[in-house]
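Worksheet: the structure to be examined is printed underneath.
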Amino acid sequence: MRGVSKHLQLLRPTSSRCCSYSVNSSLVSPHYVPPETESLLNHCYRRDLPSAMHVLDSMERRGVWADSITYSELIKCCLAHGAVREGKRVHRHIFSNGYHPKTFLTNILINMYVKFNLLEEAQVLFDKMPERNVVSWTTMISAYSNAQLNDRAMRLLAFMFRDGVMPNMFTFSSVLRACERLYDLKQLHSWIMKVGLESDVFVRSALIDVYSKMGELLEALKVFREMMTGDSVVWNSIIAAFAQHSDGDEALHLYKSMRRVGFPADQSTLTSVLRACTSLSLLELGRQAHVHVLKFDQDLILNNALLDMYCKCGSLEDAKFIFNRMAKKDVISWSTMIAGLAQNGFSMEALNLFESMKVQGPKPNHITILGVLFACSHAGLVNEGWYYFRSMNNLYGIDPGREHYGCMLDLLGRAEKLDDMVKLIHEMNCEPDVVTWRTLLDACRARQNVDLATYAAKEILKLDPQDTGAYVLLSNIYAISKRWNDVAEVRRTMKKRGIRKEPGCSWIEVNKQIHAFILGDKSHPQIDEINRQLNQFICRLAGAGYVPDTNFVLQDLEGEQREDSLRYHSEKLAIVFGIMSFPKEKTIRIWKNLKICGDCHKFAKLIAELEQRHIVIRDPIRYHHFQDGVCSCGDYW
DNA sequence: GTAGGGTTAG
């Protein structure tokens, strides 16, 4: 029997429960099961880690070992308790006496380290393995992919291939998420097709996610459409893809199809649906989604999406209600609410909320600070803006990024501090980009500083010769200074380069239908009635002192003609249509693709007073709440 | 023993 025990070292421990061995005991037989094994296993099943470790101690003292299944249960028990120290002890115990366990058990140990976020320990163990199977490789690949160490994950796949181990659906669905280049993705995709793994729903959803991440939505849709069997996560992936790329229409369309084929909406679906509503400003549809959200009351991500939807649809009352009753709030909830208040013109409330966040909320991040700077910028709080900007590094350890500089430039621009803007641009720790120069250009327009504007516009066009915004802003500035020859020159260049100005467009939701108004477009069925009422309003407002502000006309027109081109701006048509369609107590909500012009802003203020209406207009940057003759932006936008 | 979808700024 002594001779046998020497050979048994090579067999211990095995994956079979009925074969447990001892190396050191001279009385063992190949079928010897230490009496402690059963109680060890029972403690593990009951997740009683202290008792289990106690039994392990006594086994170690007696020099007996349990089988692999028992160890795997013990490791599960450590994981359930988050017990790193005990996990490491089990590892040492299994490897004691220079023994190497079977691949199966080593994989479990590697997985334990991965779950404990100890990737280096996992890698050391992986490197020492005499033989690695597909699970060993996949565990490591997925660990690196989850940690966003994408290079490492991709490299491991190459080594795995070199070692002749065939990836399976687990491997592909993990490594796909680490893929960053379209070329690699195409290669992976064809490999997946070759081995016939594209029908696996995990692989399919990963393919959709990665194509979406790379902006290849048509390819993502193709992968989705090839699905024969249904799967709710695959549906959610494709809906999220379109919602994240601001194609709310397609996202909602897919959502309806998903419901039609019988898949219920879960948290993830609803989050994407809310995001789609947000991008389309569909408050009423968002409210309907809210009813379903109530089923998932505790879901933080979903509540954040709901909060954002109400903020972006300009319904601050609802947003505040949601925010106040959220049981759990994270940095995203706070940042959303702060930015939401700021964008809707409630800057002081935004700053007050930031102060309470400092006291009772999570640590602010770089996005929170953007909301704070935005609030300062839109309230003209230059000193406060400088304070938050200069202290963000000291207080929160956040270095200002391009966006923070952008907010500060915006703030300085609104406060007519063009020189300070130029100074700050030179101070930036990163290269100015198109957005930086556009902020300067925009400020020059308001201050009518033609020379600086020309400089800024040329910088933009150096970076992007196709930038429509630069041409339009430049031509606006020339128009304001009545330099019509220069306006014509800009127009000629635009024409030559095939660049067209995006037409002003406004949308309004009436009876679950979206009505679009485009400057000069007469296709709306009620356009004649709208124009008739618009003219009446303009006459009545003229009695109240409304004079069209022709500074906002871009063409070289004279007198009455100039007023006419302002008269039919899309937001004026949408406002009149809103007044015609809704009772007085209902808020008129409009969203548009371009910033509102000064004349329409004045018109909206006066008509809100005349008609006793609450009008909310969302432009690409912010919101205007018009009521009783004033706007929440304080005429500062 | 290894794999999935959703939220904040611009």
Measure the distance from [atom1] on [X] to [atom2] on [N] and round it to the nearest whole Å.
X: A/Met337; N: B/dT7; atom1: CE; atom2: P; result: 20 Å
X: A/Leu341; N: B/dA9; atom1: CG; atom2: C1'; result: 15 Å
X: A/Leu370; N: B/dG10; atom1: CG; atom2: P; result: 7 Å

Measure from the side-chain heavy atoms of [X] and tell me the nearest of [options].
X: A/Met169; options: B/dT8, B/dG10, B/dA3; value: B/dA3
X: A/Asn111; options: B/dT2, B/dA9, B/dG4; value: B/dT2
X: A/Thr138; options: B/dG4, B/dA9, B/dT2; value: B/dT2

Is there a side-chain polar atom (N or O) of [X] under 4.0 Å from OP1 or OP2 of [N]?
X: A/Gln244; N: B/dT8; answer: no
X: A/Arg438; N: B/dG10; answer: no
X: A/Lys329; N: B/dT7; answer: no
X: A/Arg275; N: B/dG6; answer: no

Sugar-phosphate, base or nothing in reach of [X], heavy atoms under 4.0 Å:
X: A/Val233; result: base
X: A/Gln343; result: sugar-phosphate
X: A/Thr139; result: sugar-phosphate
X: A/Ala240; result: sugar-phosphate
X: A/Val114; result: nothing

Quick check: any donor-acceptor pair below 3.5 Å linking the side-chain of [X] to the base of [N]?
X: A/Asp299; N: B/dG6; result: yes
X: A/Ser174; N: B/dA3; result: no
X: A/Asp231; N: B/dG4; result: yes

query = Between A/Asp231 and A/Arg204, is the closest basic N to carboxylate O distance under 4.0 Å?
reply = no
inquiry  = Against the six-membered ring of A/Tyr396, is A/Lys363 placed for a cation-pi contact (under 6.0 Å from the centre, within 45° of the normal)?
reply    = no
task = Give a yes or no answer on whether the side chain of A/His81 reaches the backbone of A/Arg47 with a donor-acceptor pair at less than 3.5 Å.
result = yes
request  = Look at the aromatic rings of A/His91 and A/Phe95 and report parallel, tilted or perpendicular, splitting at 30° and 60°.
outcome  = perpendicular
